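Taking it in order: structure first as structure tokens, then the write-up.
If you're wondering where the values come from, they're calculated on a predicted model, not measured in any experiment. Excluded from the calculations below are hydrogen atoms, water molecules and symmetry mates; all remaining heavy atoms, backbone and side chain alike, are included.
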Amino acid sequence: MTKISTSVGDGGETHQRAEGDARVLTTNHGMPIGDNQNSLKSGARGPTLLEDFVLREKIFHFDHERIPERIVHARGSGAHGVFEATDDISDLSKAAVFRKGETTEVFVRFSTVAGGAGSVDTPRDVRGFAVKFYTTEGNWDLVGNNIPVFFIQDAIKFPDLVHAVKMEADRAYPQAGSAHDTFWDWASLMPESTHMLMWAMSDRTLPRSLRMMEGFGVHTFRLVNAEGKVSFVKFHWKPRLGLQSTIWDEALKLQAADNDYHRRDLWEAIDTGAFPQWDLGIQVFDQAFAEAQPYDVLDATKLIPEDDVPVRIIGTLTLNRNPDNFFAETEQVAFLPTNIVPGIDFSNDPLLQGRLFSYLDTQNSRLGTTNFHQIPINAPRCPFGNFQRDGKMQTQVPKGRANYEPNSLADHGEDGGPRESAERGFATANALTGPDEQGDKLRVRAELFADHYSQARLFYHSQTKAEQAHIASSFVFELSKVGVLDQVPPRMVANLRNVDEDLAKRVADGLGIEVPDAAAPARAPVKMGASDALSIHKNMKDTLEGRVVGILFTDGSDGGAIDAIVAAIEAEKGKAVLVAPKVGGAVLADGSKRKADGQLAGMPSQIFDAVAIIVSEDGCRSLLKEAAAIQFVMDAFGHLKAIGANDAARPLLEKAGVEPDKGVTMLDKRFVAAAKRRYYDREPGLRTLA
Ligand code: HEM
């Protein structure tokens, strides 16, 4: 019989003991432990004895629980899932993972870049979007970001970028943010970062949810078909929930409300069966196309406009299982850009080439062994084996003598081990030899890399007016945090003059400085127009799916009205969360008690996508004296969200400064329709944007 008995020791400590066949607590070496509450002492009040190997083993292991966090992307959240190939691209790639109908297990890790492992989820930062496909031909890791371009063109600049953006070397702040001297000093001296800075200053770096952002492989890769035909490719992840970002004030307040906002959102969605999905898209092009562009396709600070090469959807990613253990899976997962499979190949992008060295190297240091590929989250799901042997933390037990080849052991009936396969093995595809892809050894950059502004301008001109205002304001905010280095803001504005004169002027005005007389030196601009795919606002979805509506109620509220609005939200696949002044709930108009999901002071409106206020007249009167209630409504309005309110709530709306507009409705069908979107038109009346 399995039983756990509970007793109290002489000092009042609780002992839970395994009885019968209940599982017994043991040391790491399997010895059953008799007392997990008291160390071994010389007398009840005497010193603890060195002999206590149970205590020592427990403390020893605990002392070594932490491993170095990732040098970048330290804070992340992971999930298991499946990728299904939905289109036949055998004419382009022979990779098994792309065979139409093939399903492949995946593990995905989303991350911020600059902050430490314990930092917040919602700083202004790029998000990592790393996918490990456990294919039948080995692991393919698509280690991307939520932005399709990067800060630098050459890996030799990566340590400088990371040193500049992370907390400053002497004072160790700020944590998880780029708004400080060293980052902008470096960035303003690095014109190649301008295009990426435009993205970083846009709402792309403030995603509402990890489920509502795009992912990009960034570099140009190559696809190779069974005949050896090679094409260039860019990889895209398109979220089924559409794009949605927060605004800056909201992101700041989210940091205070919930450090784990994105991690919680992802976990809860998967836990409740609302599995996030992305479509995998490819942009495919050939050497002739590459040579005809005014930018270099090997330059990671450039994208290929979707208007020039449309994205073709070839598969679907579904995240359907939370990790069983954060450390074992999300922390120990090691993504490697070098993990590719036959049918996919690298390009000569000099940033990618540097990454091919960096990850394997850092993971040896982070995970402490060259055998990190044996950790279950990293191990291929297909059979794998070779003649590499031993090393720290070797967990495999290879049998026999075959630790070399060629060998003739099989001739004597021994297992001679695996062999290379010209037919199934990876073979680097022939270079598509284009201009300057061969020649003398030179520390130089290709000529077309020198245009740092044309695509930054393309990005800016593709944004809505509201998005442009956010970009200008972000530059102002970030540069306003530059302390003693007075030369930095004008230098940045001089760079921005090459992107757009109006943007440069707005940023200078916002900072209260003069626009520098001369723009930064630049190559002659290339005209690139605009592309709707680059805007978030043009790619949002009017939907409640994946969105959360907060419903504030009080004593005396109408239970029927609450039920109706909850049902209407759930019918649209949204989630309703009940908020009351006390977490125990409130006594409704009919005398029944309704429990709340959270307490008003702990559930501010920034954690919701829209809010409904269903209060009684007395309840509203008491909320008028409650700062958290006024702030709840004021922030929902200020963060451009829909507000549905019953008549009794009007005084609260007035006190919170809510002005009537399309997003402020009664609590009927109009509210459910209004809650599906945000009200960017409201913003100019609420805050001064640059
Ligand atoms: C397009 C440019 C880049 C992208 C999209 C990118 C993306 C990522 C992502 C998503 C991660 C987190 C992986 C995880 O979740 O475990 C990561 C980690 C890392 N990246 Fe990059 N990165 C880029 C450029 C670089 C470059 C140029 C280098 C170095 C030359 C570099 C070095 C690293 C290192 C050392 C880690 C930590 C890996 C670990 O400890 O597991 N990255 N990067």
Inter-residue atom distance [X].[atom1] - [Y].[atom2], 0.5 Å rounding:
X: D299; Y: H219; atom1: CG; atom2: NE2; answer: 11.5 Å
X: D258; Y: R263; atom1: CG; atom2: CZ; answer: 11.0 Å
X: F477; Y: S178; atom1: CZ; atom2: OG; answer: 9.0 Å
X: T246; Y: L254; atom1: OG1; atom2: CG; answer: 6.0 Å
X: F150; Y: E192; atom1: CZ; atom2: CD; answer: 10.5 Å
X: L266; Y: R211; atom1: CG; atom2: CZ; answer: 7.5 Å

Residues K302, D296; criterion salt bridge (Lys or Arg N to Asp or Glu O under 4.0 Å); working and verdict: CA-CA 7 Å; K302 308 296 190 306; D296 198 320; over 6 Å; no

Tell me whether [X] contacts the main-chain N or O of [Y] through its side chain, where contact means a donor paired with an acceptor under 3.5 Å.
X: T330; Y: F327; value: no
X: R547; Y: G574; value: no
X: D451; Y: S454; value: yes
X: D203; Y: H470; value: no
X: N145; Y: I147; value: no
X: T205; Y: R124; value: no

Apply the test side chain to side chain contact (heavy atoms under 4.5 Å, CB included) to residues R70 and E331: give CA-CA distance (whole Å), side-chain angles for both, the deciding distance (0.1 Å), then the verdict. CA-CA 9 Å; R70 289 170 177 81; E331 196 58 19; 3.7 Å; yes

Intermediate values then yes/no, ring pair (Phe, Tyr, Trp, His ring centres under 6.0 Å), F335 and Y359: CA-CA 7 Å; F335 294 96; Y359 291 67; 9.1 Å; no

For I513, does the CD1 atom have more than 12 heavy-atom neighbours from other residues, nucleotides or ligands under 6.0 Å away? yes

For K676, does the NZ atom have more than 12 heavy-atom neighbours from other residues, nucleotides or ligands under 6.0 Å away? yes

If we count only N and O atoms by modelled type, under 3.5 Å, do the side chains of S209 and Q244 hold a donor and an acceptor together? no

Say whether Q283 and H236, considering side chains only, have a donor N or O and an acceptor N or O under 3.5 Å apart. yes

Here's a test for you: under side chain to side chain donor-acceptor pair (under 3.5 Å), which of E467, R204, Q463 qualifies with S535? E467

What verdict does the ring pair (Phe, Tyr, Trp, His ring centres under 6.0 Å) test give for F216 and W237, after you've listed the backbone C-alpha separation in whole Å, the side-chain angles of each residue and the deciding distance to 0.1 Å? CA-CA 6 Å; F216 303 91; W237 293 109; over 10 Å; no

Show, in sequence, the C-alpha distance, side-chain angles and deciding distance for H262 and F110, and conclude whether the ring pair (Phe, Tyr, Trp, His ring centres under 6.0 Å) test is met. CA-CA 10 Å; H262 285 154; F110 302 105; 9.5 Å; no

Side-chain touch P174/H180, heavy atoms, less than 4.5 angstrom: yes

So, is the end of the R240 side chain (NZ or CZ) under 6.0 Å from the ring centre of W278 and within 45° of the ring's axis? no

